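What follows is a short report on a single structure.
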Amino acid sequence: MTSTAQELHPAPVLAPGRTILELRGLEKRYPGTHALKPVNLAFKSGEIHAIVGENGAGKSTLIKLLTGVMPRTSGEVIWEGQPAALATPHEAMALGINAVHQEVVLCRHLTVAANMFLGEENSRFGILQQRAMVKDAQKIIDDLGFDLPAHVTLGDLTIGQQQLIAAARATVRGTKFLIFDEPTAYLTRKEADQLFTLIRRLKGEGVTIIYISHRMEEVFELADRVSVLRDGTLVGTRNIAETNDAELVKMMINRSIEQVYHKEHFTPGAPILEARNLSGKGFEDVSMTVRAGEIVGLYGLIGAGRSEFVTTLYGRHRKSAGQILWEGKEVQINSEHDAIKLGMALAPESRRDQGLCLNLSVGLNLNLPIYKRISNNLLISSAQEKTQADRQIADLRIKTPTRGALASSLSGGNQQKIVIGKWLAHGAKLFIFDEPTVGVDVGTKAEIYRLFGALLSKGAGIILISSYLPEVYELADTLHVFRRGKLVATHGFRAASHEDILTQALAEKQEKLGGQI
Amino acid sequence: MSTEAIAVEKPKRNYNVLFGLTLLALLVLLWIVLSVATPSFASGNNLANLLRQGSMIAIMAVGQTFVIITGGIDLSVGAVVGFATVVVAMMINAGFPIWLAILVTLLVGVAIGMFHGFGIVKMGLPPFIITLATLTSLRGIGLLMTNGNSININSDTFTAFSRNSFIGIPNLFWMVILVGIPAYVFLHHSRWGRYLFSVGSNAEASRLSGVNVQRTIYMAYTLSGLCAAFVGVLLAARIGIGNPTQAEGWELQAIASSVIGGTSLFGAVGSVHGPLLGAFILATINNGANLLNVNSFWQRIITGALIIIIVYFDGLRRRGK
């Protein structure tokens, strides 16, 4: 480590194993909701402490209290033996508490270096020392083992790479307590490995890590201890060596893991959609058939061409070669409108960017695809608008005070239910789900999987895209593996081993498969 | 964002109604204060005058609001008004029947709006830029057509319309109702209205849900152009001339009325009654200031302060304290 890097990573004062932060009866109430019931918990320096729980269990509330984003209702926070108010984000940061969020909150238009030093720029007589900052930033990045340039614009990097920069940024600020909120949701496996290396290294330097994730295997790979929240209550804390997957899931949702992947088998019917040697931007020569009553899974790394393939089917992009057949007849799909008219429905990858009108009501979001049907030539039938929205809210058990509430006020899992639910009344025959359970808790996952079964039983076909192998593995009747824009392998239901599928997706020998799946 | 409690939020419609009532209360309060402060305010003549003044900005503000709801802006409307007075004046003086002159003028407004849609959708220009460009060009085209002169309209039937009243209410105000009711039905009870909101909130999500985003944008600017051209016809009738430099700065008054009426410049928030009330609040302030002999420079300052105050309090409400 160079001297500059040492300055940037000041050694923590505390010896490992001492209590750095203690919560005594920490509690948060919103009008009408008891978001966090009194929590007693002590975090030790140099530990990785995972927090798991369903959406709405109180994890975000806890983070917001610890980072000073929101004031607590009652209780005490003891920081290094002294009571801390944690009234503002500034105060939390001054103490050494930082957070890396699931969605990157940095300036996309500035360079990586400028982002790393945002708010702490190196300047001489008011003039920015740009070259020196790029050099320092590069040193930090190299030092962490991220293969990324410091002089490029942040927005030019992938979301995963931006996430790594956000993490690197948090480490250079004298951080003693670092919270990761679902950091791997958008990362490739390689990027996730780099992040884990960084996390372990911070732990070695005595930093306390709070790691929030829905992915159990990551919790077991990384954490020393794990705490489970359910309905705002701390259900328990376990040493990672003394617990297992099944116990944690049971603590989280009060039900067993077998009930999550609920797979119903139907006899496949006639083909709904057939792609013949289809090529387009990001994928080449892909052929596949989706029949009524079956789930076709597309597995591969992010960027392998799966999303591009389905968005081309959906008319978002033009195909460059090949044919698309719908119920046996060749069709031209030139726009999303054409696809929807045929009977396709797409629940896109990113809820916030592609799925929802966040500052509009739940009801409007649910009805958006069917307004044509619930209005005559001129006017919308307000009675139908109400009943349709209320029916979806009831059927999908969307937790919302009324259909008039804004979509942004709902939790992630409930927002995802809207993204899916808006297609149910539409009566589509082919449903495309692109990463339907990213950032969604186990309970909501189970509900979404059950919904798949209901759709299949009505004769629909499903294309399921997932980067999470167990999901496609346990649910898909036919599993296609994508790699670099090509369809490289096809398997039946549970017909190949996890290892084989991974090897096909990565096309390189995997030395370590621990926690890979 | 993995978890959060469901914040209890009031339905949007109730909020809209509440905000509308607040604006209405403000308007009534202004009227009461002015009636007490100056005896000439409550006279029938003055009230009719006030309604005429407010009506034209109100109609422009409705069209403007459609555009702002989609997340755009239409800076050209003042220039469209001026240009429309020229078109309608020239046609009437050339001997065309009045109905035809009006129809053609309205179609010119539609064409200008379509052009804005084309620039935004097909050429990828920001709304601010394309409408700024037409703002200055239209004034220029109008000056070329008139050689910089005003055209006196030689039809009394045409100009009499703006001075007359129907059951005691000025015809110009009836025009607000003529535009306002269909606009309300369109925005709140038709699917195209819903699409304006959804495009303003998230164009990509709307497209993936089967909404024709391009057509929605065309529609918003076309309606704004149409409203402005209609106001041009009314203005020509009121002042009896066609002049391309008329209605200077009216676009800003229309935007101000819309914003005072609760429209969010970020898109996806707005109503029809809001901008109408906003326009008449502005007109009342100007009218009252005139009667009270307040320096007209002060009127501009008051208008600016009012925009800041109302939008600030509206923002406080929306953030839920």
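Because the structure is a prediction, the values reported are computed rather than measured. Within every chain, numbering begins at 1; the chains are lettered A, B, ... in the order of the sequence lines, protein sequences first and strands thereafter.
Scored by the side chain to side chain contact (heavy atoms under 4.5 Å, CB included) test, B:L132 finds B:L75, B:F128 as partners (sequence neighbours excluded).
A donor-acceptor pair shorter than 3.5 Å can be found between the side chains of A:N359 and B:S201.
Between B:Y218 and B:F118, the closest side-chain pair of non-hydrogen atoms falls below 4.5 Å. Within the 4.5 Å cutoff, the side chain of B:T65 has no heavy atoms near those of the B:V272 side chain.
Looking at B:F186, there are no atoms closer than 4.5 Å to chain A (heavy atoms on both sides), in backbone or side chain. Heavy-atom distances place both the backbone and the side chain of A:I380 under 4.5 Å from chain B. Looking at A:S382, neither its backbone nor its side chain comes within 4.5 Å of chain B, counting heavy atoms on both sides. The parts of A:L368 that come within reach of chain B are both its backbone and its side chain, each placing non-hydrogen atoms under 4.5 angstrom from that chain. With a 4.5 angstrom heavy-atom cutoff, A:N367 does not touch chain B via any of its atoms.
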### Task
Applying side-chain contact (heavy atoms from CB on, under 4.5 Å), run through B:R194 and A:E385 and close with a yes or a no.
CA-CA 12 Å; B:R194 294 285 194 281; A:E385 190 180 24; 2.7 Å; yes

### Task
May I have the step-by-step check of side-chain contact (heavy atoms from CB on, under 4.5 Å) for B:I120 and B:L125, ending in yes or no?
CA-CA 5 Å; B:I120 293 161; B:L125 297 173; 5.5 Å; no

### Query
Please walk me through it: do A:Y314 and A:I333 pass side-chain contact (heavy atoms from CB on, under 4.5 Å)?
CA-CA 7 Å; A:Y314 199 65; A:I333 300 171; over 6 Å; no

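Between chain B and the residues A:L356, A:L346, A:L62, A:L364, the most heavy-atom pairs under 4.5 angstrom are made by A:L356. Note on A:R403, A:K341, A:R316, A:H337: by heavy-atom pairs under 4.5 Å with chain B, the leading option is A:R316.
One N or O on the side chain of B:Q64 and one on the backbone of B:D74 form a donor-acceptor pair closer than 3.5 Å. Under the 3.5 Å distance criterion, the side-chain polar atoms of A:Q415 are matched with a main-chain donor or acceptor of A:A407. Remark: the backbone N or O of A:L379 is paired with a side-chain donor or acceptor of A:N376 at under 3.5 angstrom. Side-chain atoms of B:S198 come within 3.5 Å of backbone N or O of B:Y195 as a donor-acceptor pair.
A:E27 has no carboxylate O lying under 4.0 Å from a charged side-chain N of A:R72, or vice versa, which leaves the two without a salt bridge.
Pairs engaging residues 408-421 of chain A under the salt bridge (Lys or Arg N to Asp or Glu O under 4.0 Å) rule: A:K417-A:E447 [sequence neighbours left out].
Listed in order of number, the residues of residues 418-426 of chain A that approach chain B to under 4.5 Å between heavy atoms are A:K422, A:W423. Within residues 105-116 of chain B, no residue has any heavy atom under 4.5 Å from a heavy atom of chain A.
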